[in-house]
Amino acid sequence: MSATHEVFNQAPPLTGFSTADDPALLEALHREGGAWGEAEVRALGARAGSQEVQDWARMAEAVPPVLRTHDRYGHRVDEVEFHPAWHRLMAAAVESGQHAAPWAEARPGAHLVRAAKFYVWAQAEPGHGCPVSMTYAAVPALRAQPDLAAVYEPLLASRTYDYGLRPPLGKRGLIAGMSMTEKQGGSDVRANTTTAVPAGDGSYVITGHKWFTSAPMSDVFLVLAQTREGLTCFLMPRVLPDGTRNAMRLQRLKDKLGNRSNASAEIEYEQAVAWPVGEPGRGVRTIVEMVNMTRLDCVVGSAAGMRAGLRQALHHAAHRRAFGAELVDQPLMRNVLADLAVESEAATVLAMRLAAALDRSEAGDAGEAALRRLALAAGKYWVCKRGSAHAAEALECLGGNGYVEESGMPRLYREAPLLSIWEGSGNVAALDVLRALEREPAALDAYFTEVGLAAGADRRLDAATGRLRELLGTLRDPARAQLTARRVAEQLTLVLQGSLLVRHSTPAVADAFCASRLGGDWGNAFGTLPPGTDLGPVLDRALLKDAR
Ligand SMILES: Cc1cc2nc3c(=O)[nH]c(=O)nc-3n(C[C@H](O)[C@H](O)[C@H](O)COP(=O)(O)OP(=O)(O)OC[C@H]3O[C@@H](n4cnc5c(N)ncnc54)[C@H](O)[C@@H]3O)c2cc1C
């Protein structure tokens, strides 16, 4: 009670929950072969929702990383200082194996369980997910160079977060970054001008720059540079084996819209030392192995962001009254919340299906590899694109409180577009869909085999599948193909999401999705599920009223 008024009708703090209390996630874990990981996912989810970890997340962003180019005596040091909360988040992520567990313990469902962990943990703080994801993604690319992989992989897969600039091979665990983007070309990496010249001892000397390199305090980086043979992938350590700093000069840190806990640097290489990974001249092919992994994490991260926003929106609406009723009981708010829940579940079910496809393709299943090729490109486009709209609407559910930093919603909102930009911005992802369709016919066959598992279960899904086939037919006209690419990527994702929900979710969620996203009975904003949609069961599932 204050002197002037009593504070009431404000939602209590949302803390002490578990991000793993998520029916769609847990069902996917069981269905797709990851039940063995449930206890660990639940433990991590409970930690993510704890007050302690929420405080780490807040501090890691409120006190962003700072670049120190020189020491007090004028020597270059090129170091970035982080708030201790950043390191706590990193240590917890590494301890839980999000950065590499499937590479150390290859067992069925390992990538799925790892994706589930990334999903529940990213809901606490997304920024540090960047180096965690890059470390995970570096391993398959590094395997193109078995002698390097033999030495570095065990350290990348170690569950010890051993921070600090020391020679990598003397550390107990390593973090990896990725340096592709240059000033004159990001999506178009073949435009890279950084050069690499053989030093005569197996190493190369790299000269040039990178315009974006996130997590610049990482121990090793996969770097693209031009050799005589063409664009080549290299492994570049921050500290050389003799303990001296490699000549990676950090010019400045980006002042970013979001992702503020993480540092993203502009770097110049003044004859930095690196070792080639994979065949010289085949750098794109090598690093694509890494990019495919981080693209999966963009989808998983977008799904995580949606789930985090939805939880906040539901919590607020359940505790706030307006115009005589709880917001969660106001019909129009129920439509908004249910629509957000449907979008969130569609993203989660697809993200987990993609992770399972990765598991199976790693185990040699060609059909799953083909499905993953197309569905990941399409999902990267559509799910990541939906993330921003979802975050904006979830934020609005909190009214003015959602616009205030303390709510955590601005952090979610700022983070969302990043997942759409990096590792293939919207157009680049959509064009990648066209490339997959053109060059890998097996991918489309695998896609329709998967979607066909739900054939006959919902007339709107069947009709949308038919329309999709017609749309794909128009791609034969090269003049139209690019103009239609986004529409194709969107429809491929929606039909796949619809088929997964029809097969695996509750009838109410599947019906709401099919009626709105596939049946066309939907407006241009969230909260426009058609009248007649059974909102109650959708909201009950989101509010965990029917949780296992
Ligand atoms: C916070 C942050 C961190 C990052 N961290 C890293 C990192 O660690 N390492 C790294 O290498 N990079 C990093 N990046 C860079 C990121 O991957 C690139 O910004 C992204 O790939 C886009 O490249 P670009 O910025 O050069 O834009 P461009 O390639 O110039 O693209 C600009 C726009 O044009 C579109 N476009 C491109 N080609 C076509 C086409 N053929 N047809 C139609 N449209 C097209 C794109 O979709 C985009 O919308 C980071 C970026 C951000 C924002």
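Both ligands and their constituent atoms are indexed starting at 1 by order of listing. Positions are given from 1, in the same order as the sequence printed here.
Figure legend: R411 and Y413 shown without cation-pi pairing, the cationic atom not lying both under 6.0 angstrom from the six-membered ring centre and within 45 degrees of its axis. Cation-pi geometry between R386 and Y381 is not met: the NZ or CZ atom fails to fall both under 6.0 Å from the ring centre and inside 45° of the normal. Taking the centre and axis of the six-membered ring of Y136, the NZ or CZ atom of R114 falls inside the cone set by 45° and 6.0 Å.
Every atom of ligand 1 with a heavy atom of K256 under 4.0 Å away is listed here by number and element: 1 (C). Within ligand 1, counting atoms from 1 as listed, the ones closer than 4.0 Å to a heavy atom of M178 are 7 (C), 8 (O), 9 (N), 10 (C), 11 (O).
At least one heavy atom of S264 sits under 4.0 Å from some atom of ligand 1.
Taking any N or O of L418, backbone or side chain, none lies under 3.5 Å from an N or O belonging to ligand 1. For the pair G185 and ligand 1, the shortest N or O to N or O distance does not fall below 3.5 Å.
For atom 41 (N) of ligand 1, the closest heavy atom belonging to the protein is L431 CD1, 3.6 Å. If you check which protein heavy atom lies closest to atom 23 (O) of ligand 1, you get S187 N, 3.3 Å. Residue, atom and distance of the protein heavy atom nearest to atom 14 (N) of ligand 1 are F212 CB, 3.3 Å. Closest to atom 21 (O) of ligand 1 among all protein heavy atoms lies I421 O, 4.1 Å. The nearest heavy-atom contact from the protein to atom 49 (O) of ligand 1 is S425 CB, 4.0 Å. The protein heavy atom nearest to atom 43 (C) of ligand 1 is N427 ND2, 3.5 Å. S214 OG, 2.8 Å is the protein heavy atom nearest to atom 5 (N) of ligand 1. Of all protein heavy atoms, the one closest to atom 18 (C) of ligand 1 is T181 OG1, 3.9 Å.
Taking all atoms of both residues into account, the shortest heavy-atom contact from N262 to K256 is O-NZ, 2.8 Å.
Counting non-hydrogen atoms of other residues, nucleotides and ligands closer than 6.0 Å to CG of D242 gives a total above 12. Atom CZ of R68 is surrounded by more than 12 heavy atoms from other residues, nucleotides or ligands within 6.0 Å.
Within the 3.5 Å criterion, the main-chain N or O of G424 finds a donor-acceptor partner in the side chain of K380.
At a heavy-atom distance under 4.0 Å, no atom of K210 approaches ligand 1.
Proximity of atom 52 (C) of ligand 1 to the protein is indicated by at least one non-hydrogen atom lying closer than 4.0 angstrom.
The only member of L44, V299, T19, L25 that meets side-chain contact (heavy atoms from CB on, under 4.5 Å) when paired with Y119 is L25.
Between H128 and W56, the ring center distance fails the sub-6.0 Å criterion.
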